[in-house]
Amino acid sequence: MPEIVDSKTIFSLLEVSRSVQKTIADRYKSLYWIKAEMNKLNHYTHSGHCYPELVEKKEGKIVAEMRSTLWKADFQRINQLFIKLLGEPLREGITILFQAAIAYDPLYGFSLKIVDIDPTFVLGELEKERRESIRRLQEEELFDANKRLAFPLIAKRLAIISVETSKGLSDFFKIIKGNPWGYRFEYSLFPALLQGDKSIASIIRQLAIIAERLEDFDAVAIIRGGGGEVGLSSYNNYLLAKAIAMFPIPVLTGIGHSTNETVSEMVAYKNAITPSELADFLIQKFHQFAIPVDESLRRIIDAVKTRFILEEQHLHTFSQAISWSSKAALSKQGNDLRSLQLQLQLFAKQLLKDRATEINNVDRLLRLADPKELLKRGFSITRVHGRAISSEASVSVGQELETILYAGKIISTVVK
């Protein structure tokens, strides 16, 4: 009962809470089908109960938020139905259509008690998003943009978007690294989330990083293990599919599943159903380059071997043709050389004798032309100022003359 103090009617918090509880219970007596995005599942393994966080978004912003409860028995039943119809368990990050009772508890507040979830609605929402993304990409003429790119002669350098612990990535590497032909691939791993709403931004961010290093790579490979429709729903997102379609080098997808193609797979240059099939595709591209090269090499080797055989035959024939005359020819050439050697020796001796006579004659002439020899024979040299004179016009009266004799010299003065 409310308390009256100073003419004021005062209610306790519990009384207000119980009044709200009764009002809600009287007003909302039925079960209601409600659509919302399950932001978090909040499954507690020790109790088996779930406490999903439900939200509604408009233009990416949360406009309504509410908590809910999903008891263990209902969760197990619903989860099994999801696995049967969708190929994977109930998970967060999806839009669901659920049946719930509206309740209020004085201690825990307002909540929705979920009793059922329609898995077929989830499929419908996924298909709706898928078709809308396809329509927009086609209208913008981007749907086939990545497929129109030229594929490299050998896709040897790969930028891989995946998770290091992914089983799909492990299968991919097992085939790539273990190929019996010894083809060698280079790769860089760009880790990203591969499912859920956060995977969209994560993959787009890694594509942006790769785009800054385009010269380092021939192609991009997005690789993850298997999953059902719900787990692959992010790959139908328009923004992710657009980023793949517009990427400037070929994007290859190896996402393990056997259901309908996602939009991201549709717009990629090559979509392989599994990571293993993607590995086989890359090895086959190597084959298409290597086999013609190997064949050309084989033809070159065969041609060289044939040419060597022919040349060997020609040499053998030639050697036989010249063998009978080679000894006689060599003997004659030897005689000719010896005769020439003798002639050269005789010629050299005569040449040296003639050159010696010439040298003696020159020596004699040089001795006769020696000024000392002329002076010895009575000739003299007269000089004025150190220069020899050859005519009387070269001197004048009063100049001093120097006369060189074989033995000594005479100094005189010109008087006439």
Donor-acceptor under 3.5 Å (Asn79 side chain, Leu90 main chain): yes

Any donor-acceptor pair under 3.5 Å from Asn42 side chain to Pro52 backbone: no

Tyr51 and His43 side chains, donor-acceptor separation under 3.5 Å: no

Interatomic spacing from CZ in Phe286 to CH2 in Trp181 - rounded to 0.5 Å: 12.0 Å

Close aromatic pair by centroid cut-off 6.0 Å: Tyr104 and Phe110: no

Crowding at OH, Tyr108 (>12 non-hydrogen neighbours, <6.0 Å): no

Residues Arg131 and Glu127 bridged, charged N to O under 4.0 Å: yes

Side-chain donor/acceptor of Gln206 to backbone N/O of Pro191, under 3.5 Å: yes

Validation row, ring centre Phe217 to ring centre Tyr187 under 6.0 Å: no

side-chain hydrogen bond (donor to acceptor under 3.5 Å, both in side chains) partners for Lys409, two or more places apart: Glu402

Parallel, tilted or perpendicular: rings of His46 and Tyr44 (30°, 60°): perpendicular

Residue pair Tyr238 / Glu140, side-chain donor-acceptor N/O under 3.5 Å: yes

Crowding at CD, Gln288 (>12 non-hydrogen neighbours, <6.0 Å): yes

Donor-acceptor pair, side chain of Asn179 and main chain of Ile176, under 3.5 angstrom: yes

Inter-residue atom distance Ile209.CD1 - Ile204.CD1, 0.5 Å rounding: 12.5 Å

No-hydrogen, no-angle side-chain donor-acceptor test under 3.5 Å, Thr253 and Asn271: yes

Residue pair Glu277 / Thr274, side-chain donor-acceptor N/O under 3.5 Å: no

Point-to-point distance, once rounded to the nearest 0.5 Å, from OG of Ser276 to CD1 of Ile223: 9.5 Å

Glu15/Arg18 ion pair, N-O < 4.0 Å: no

Euclidean distance, Glu265 CD relative to Ile255 CD1, rounded to 0.5 Å: 4.5 Å

Distance-only side-chain donor-acceptor flag, Ser199 / Ser234, under 3.5 Å: yes

Salt-bridge criterion met for Lys147 and Asp144 (N-O under 4.0 Å): no

Lys/Arg N to Asp/Glu carboxylate O, Asp218 vs Arg157, below 4.0 Å: yes

Cation-aromatic face contact Lys177/Phe173, 6.0 Å, 45 degrees: yes

Lys156 atom NZ, neighbour heavy-atom count above 12 within 6.0 Å: yes

Over 12 non-hydrogen atoms of neighbours within 6.0 angstrom of CD in Gln284: yes

Counterpart residues, side-chain hydrogen bond (donor to acceptor under 3.5 Å, both in side chains), relative to Ser170 (two or more places apart): none

